[in-house]
Student: 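Just dropping this structure here.
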Amino acid sequence: MLKIILIIFGPIGSGKGTQAEMLAQKTNWKKISTGDLFRQELKLKSNLGKQAKKYMSVGQLVPDDLTKKIVVKHVKLNYRKSGFIFDGYPRNKKQLDDLLEFFKYYFKESLIYALEVAVRDKESRHRIGGRLSCSCGAVYHIDYNPPKKDKICDICKRKLFIRFDDKPKAISQRLNIYHNQVEPLFNYWRKRNRLIKIDGEQPIAKIHKDIIIKLRKLNLIK
Ligand code: AMP
């Protein structure tokens with residue numbers, strides 16, 4: 001069966017994770033978010049989680065072999081799905097090569113598209129710099145979505161915190177990685193005319209609508 005593989009790119013704070021989730025619900029494709037998978041491992045305090053934390057806490061990439069392991073595991077677990085949405089993977093040339101090789105080997109027929117949710121650095125910094133998280137999973141923003149009571153979660157009433165990789169130094173590091181390692185990957189899809197660009201500085205629902213329109217035009221969804 002022909003698999004559709006959509007790789008969503010966007011800097012931190014672009015909302016690509018939200019868009020990946022909305023699209024996964026609409027299409028029933030499997031969303032694979034490496035950031036979420038690592039955070040799950042961290043919560044479980046697994047060996048992998050402990051190893052990943054060393055890199056995540058300073059905004060660096062987790063080594064490629066560890067990242068590949070977690071991706072392969074979750075693709076294999078969902079091999080029957082008609083499509084996959086990758087959020088946060090690949091992030092460098094080695095990871096792109098690993099992914100292409102994996103799909104060539106396991107799924108002989110696949111159509112791989114990339115979707116860029118474009119957001120300027122200034123906007124990324126503003127969105128992430130104001131983010132407050134709760135250990136229950138809720139996420140707030142001091143301007144766009146403030147909690148009712150200062151720094152207290154509306155849902156579970158616990159104290160909100162700034163995620164360790166949302167601190168200013170880690171934000172700069174993550175933006176640098178995006179520009180220097182991730183953006184050059186776009187060339188792979190640009191050459192093949194398979195790069196879809198979406199304006200990420202719009203309301204969430206409008207971004208989702210734009211994505212759906214583009215995917216329909218390409219006959220990737222009904
Ligand atoms: P994210 O939520 O996608 O911004 O990911 C959070 C952190 O997880 C990143 O800053 C990296 O430390 C790690 N991470 C996520 N995806 C990858 C990846 N593809 N390769 C290496 N590290 C990753």
Side-chain angles (χ1 to χ4, degrees), residues 4-43 49 52 55-57 59-62 67 70-71 74-75 78 81 83-92 95 99 113-121 123-141 143-145 155 160-167 170-171 173-175 177-179 181-183 185-186 196-212 214-215:
I4 309 276
I5 299 147
L6 189 70
I7 300 174
I8 301 202
F9 289 110
I12 45 165
S14 60
K16 67 180 166 50
T18 307
Q19 293 301 330
E21 186 56 45
M22 289 166 88
L23 191 60
Q25 281 179 17
K26 172 141 186 99
T27 55
N28 207 22
W29 296 341
K30 175 68 188 170
K31 181 188 96 161
I32 299 208
S33 157
T34 39
D36 286 352
L37 294 176
F38 283 134
R39 280 185 286 278
Q40 268 172 31
E41 298 288 334
L42 238 103
K43 249 191 192 164
Y55 302 92
M56 292 173 77
S57 59
Q60 278 177 8
L61 291 185
V62 176
T67 311
I70 203 165
V71 169
H74 287 268
V75 174
N78 294 282
K81 288 281 183 181
F84 290 90
I85 302 168
F86 285 91
D87 162 21
Y89 189 86
R91 265 172 149 107
N92 59 32
Q95 293 186 2
L99 187 73
Y113 276 83
L115 191 148
E116 179 195 1
V117 182
V119 170
R120 290 163 303 164
D121 280 9
E123 180 66 14
S124 287
R125 284 184 194 282
H126 179 63
R127 291 183 186 180
I128 297 298
R131 190 152 78 172
L132 289 170
S133 302
C134 181
S135 49
C136 75
V139 181
Y140 300 84
H141 189 280
D143 296 328
Y144 307 133
N145 175 30
I155 303 163
L160 300 174
F161 57 89
I162 299 175
R163 231 170 69 183
F164 56 80
D165 53 348
D166 285 347
K167 305 241 162 101
I171 294 177
Q173 174 73 5
R174 290 161 82 196
L175 280 172
I177 291 176
Y178 187 73
H179 293 312
Q181 294 187 41
V182 181
E183 281 179 348
L185 302 181
F186 295 176
I196 305 165
K197 187 169 178 174
I198 300 282
D199 175 5
E201 295 190 18
Q202 310 182 85
I204 292 173
K206 174 70 170 64
I207 300 173
H208 177 64
K209 200 171 155 201
D210 284 1
I211 294 176
I212 299 298
K214 297 243 177 169
L215 296 184

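All heavy atoms count here, side chains included; hydrogens, waters and symmetry mates do not. Positions are given from 1, in the same order as the sequence printed here.
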Student: Give, for atom CG of Leu61 and atom CG of Asn92, the distance between the pair rounded to the nearest 0.5 Å.
Tutor: 6.0 Å
Student: Any sub-3.5 Å donor-acceptor pair from Gln95's side-chain atoms to Arg91's backbone N or O?
Tutor: yes
Student: Taking 4.0 angstrom as the limit, do Lys214 and Asp210 come out as a salt bridge?
Tutor: no
Student: Walk me through whether Arg163 and Arg39 qualify under side-chain contact (heavy atoms from CB on, under 4.5 Å).
Tutor: CA-CA 11 Å; Arg163 231 170 69 183; Arg39 280 185 286 278; 3.3 Å; yes
Student: Between the side chain of Ser124 and the main-chain N/O of Gly13, is any donor-acceptor distance below 3.5 Å?
Tutor: no
Student: So do the side chains of Tyr178 and Glu183 get within less than 4.5 Å of each other, counting heavy atoms only?
Tutor: yes
Student: Which heavy-atom pair separates Met56 from Val62 by the least distance, and what is that distance?
Tutor: CG-CG2, 4.1 Å
Student: When you look at Ile162 and Arg131, which way does the side-chain contact (heavy atoms from CB on, under 4.5 Å) test go after all the steps?
Tutor: CA-CA 7 Å; Ile162 299 175; Arg131 190 152 78 172; over 6 Å; no
Student: Under a 3.5 Å distance rule, please check whether Gln19 uses its side chain to pair with a backbone N or O of Ile204 as donor and acceptor.
Tutor: yes
Student: Let me confirm one number: the CD-CD1 distance from Gln40 to Ile70, rounded to the nearest 0.5 Å.
Tutor: 7.5 Å
Student: Centre-to-centre under 6.0 Å for His74 and Phe84, is that the case here?
Tutor: no
Student: So does Gly88 get a backbone contact from the side chain of Thr34, meaning a donor-acceptor N/O pair under 3.5 Å?
Tutor: yes
Student: Take Phe186 and Lys197, measure what side-chain contact (heavy atoms from CB on, under 4.5 Å) needs, and give me the verdict at the end.
Tutor: CA-CA 10 Å; Phe186 295 176; Lys197 187 169 178 174; over 6 Å; no
Student: Provide the closest heavy-atom pair for Leu99 versus Ile7 in the form atom of the first, atom of the second, distance.
Tutor: CD2-CD1, 3.6 Å
Student: Do you know which two heavy atoms are closest between Ile85 and Trp29, and how far apart they sit?
Tutor: CG1-CE3, 3.8 Å
Student: Is any side-chain heavy atom of Asp36 closer than 4.5 Å to one of Lys31?
Tutor: yes
Student: Look at atom CG of Leu42 and say whether more than 12 heavy atoms of other residues, nucleotides or ligands are closer to it than 6.0 Å.
Tutor: yes
Student: Are Asp166 and Arg127 close enough for a salt bridge, meaning some N to O gap below 4.0 Å?
Tutor: no
Student: Test: salt bridge (Lys or Arg N to Asp or Glu O under 4.0 Å). Region: residues 9-20. Which pairs qualify, not counting sequence neighbours?
Tutor: Lys16-Asp87
Student: Looking at side-chain heavy atoms only, is the closest gap between Leu175 and Arg125 below 4.5 Å?
Tutor: yes
Student: Side-chain contact, heavy-atom cut-off 4.5 Å: Leu23 with Leu215?
Tutor: yes
Student: Any idea which heavy atoms bring Phe38 and Ala52 closest together, and the distance?
Tutor: CD2-CB, 3.8 Å
Student: Angle class for the Phe86/Tyr89 ring planes (parallel below 30°, perpendicular above 60°, tilted otherwise)?
Tutor: tilted
Student: Heavy atoms only: give me the nearest Phe9-Pro90 pair and the separation to one decimal.
Tutor: CE2-O, 3.4 Å
Student: How close do Gly59 and Gln173 get, heavy atom to heavy atom, and via which atoms?
Tutor: O-CG, 3.3 Å
